[in-house]
Asks: 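Structure in structure tokens, see below.
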Amino acid sequence: MEYVFWDTNKELPDTYEYLERIEDYLGRRVVRFKADLGFDHWYDVYGGMIPSNHRRWCTKMLKLKPFEEYVGDDIVVNYVGLRADERRTGYISHKPNITPVYPFQEDGLILADIREILDASGVGLPPYHSWGRSRSGCFFCFYQQKIEWVRLKERYPHLYEEAKEYERPFEGSGNTFTWSERESLSELEKPERMRAIKEDHAKRSAANNKSDANLTLAEIFGRRRDLEEDKDDGCLICTL
Ligand code: SF4
């Protein structure tokens with residue numbers, strides 16, 4: 001068994017901390033690799049296009065390709081930590097020598113089971129859960145929800161600033177892209193906007209705890225929107 005982590009160099013400090021915790025538990029080193037050409041190189045190649053769900057060049061260039069190159073033609077079984085209650089499909093290699101397997105799904109393990117396993121092992125949940133972030137991956141990952149951007153700004157303001165730096169007209173094309181849908185990070189960080197995002201999130205969280213029968217139509221719509229936001233093919237190869 002070989003444990004491999006592809007580092008984009010744009011990771012959260014929490015991710016490195018968690019990797020160390022996992023290594024302590026395993027008594028084995030998690031091999032860390034960096035793609036030869038990093039995010040900023042490909043950002044330039046793609047004309048300053050910030051990646052998104054529909055333009056996900058980052059996963060391909062920083063994770064998938066380097067992984068497949070590392071594997072080469074060896075016969076590999078790739079263990080994917082997708083739970084039985086997740087709707088994502090995960091990364092499925094098209095290389096015939098790589099076979100993905102989903103042990104948690106095969107055993108029908110859901111979130112509560114995984115929490116129990118992590119607690120019992122002493123590894124626990126990744127540190128970013130304590131400040132309300134649901135996934136690892138790059139600190140600027142476009143998959144994060146608005147509330148997670150707010151929390152990133154509060155927790156790691158310098159990383160928020162670094163993400164903001166990408167939202168400027170790209171030299172040559174003049175195009176500007178944003179990480180988050182429909183607004184720039186400069187707009188999102190305005191105190192009144194951050195307050196509104198927090199209030200909206202609190203309302204939706206409260207609604208999500210009610211049964212459908214007790215919801216207003218607006219709340220039902222909000223719940224659906226939350227489910228849609230959570231439903232993504234977020235990089236299983238990116239997140240821990
Ligand atoms: S974590 Fe997000 S931004 Fe980073 S490579 Fe994966 S999809 Fe792209």
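Quick caveat: nothing in here was measured; it's all calculated off a predicted structure. Just the heavy atoms: all of them, side chains too, but no hydrogens, waters or symmetry mates, feed the values below. Start at 1 and go down the list; that is how both ligands and their atoms are numbered.
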Asks: Report the relative orientation of the aromatic rings in Tyr43 and Phe39; use parallel for angles under 30°, tilted for 30 to 60°, perpendicular for over 60°.
Replies: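 Ring orientation of Tyr43 relative to Phe39: parallel.
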Asks: For Ser186 and Glu167, does a side-chain donor sit closer than 3.5 Å to a side-chain acceptor?
Replies: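 No, no side-chain donor-acceptor contact under 3.5 Å.
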Asks: Just which atoms of ligand 1 are under 4.0 Å from any heavy atom in Gly137?
Replies: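 Those qualifying, in numeric order: 1 (S).
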Asks: Tell me whether Thr59 reaches ligand 1 (any heavy atom closer than 4.0 angstrom to a ligand atom).
Replies: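 Under 4.0 Å: yes for Thr59.
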Asks: Indicate if the distance from atom 8 (Fe) of ligand 1 to the nearest N, O or S atom of Cys141 falls below 2.8 Å.
Replies: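 Coordinating: no.
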Asks: Is any side-chain N of the basic residue among Glu154 and Lys198 closer than 4.0 Å to the acidic one's carboxylate O?
Replies: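 Salt bridge present between Glu154 and Lys198.
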Asks: Within the stated cut-off of 2.8 Å, is an N/O/S atom of Cys138 closer than that to atom 4 (Fe) of ligand 1?
Replies: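 Of the N, O and S atoms in Cys138, at least one lies under 2.8 Å from atom 4 (Fe) of ligand 1, which means yes.
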Asks: For Tyr102 and Glu86, test the side chains for any donor-to-acceptor distance below 3.5 angstrom and give the result as yes or no.
Replies: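 Looking only at side-chain atoms, Glu86 and Tyr102 do not form any donor-acceptor pair under 3.5 Å.
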Asks: Quick one: which ligand 1 atoms are inside 4.0 Å of a heavy atom on Phe142?
Replies: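 So the atoms of ligand 1 that pass are 3 (S), 7 (S), 8 (Fe).
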Asks: With ring centroids as reference points, do Trp6 and Phe33 lie under 6.0 angstrom apart?
Replies: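 Here the rings of Phe33 and Trp6 have centres that are less than 6.0 Å from each other.
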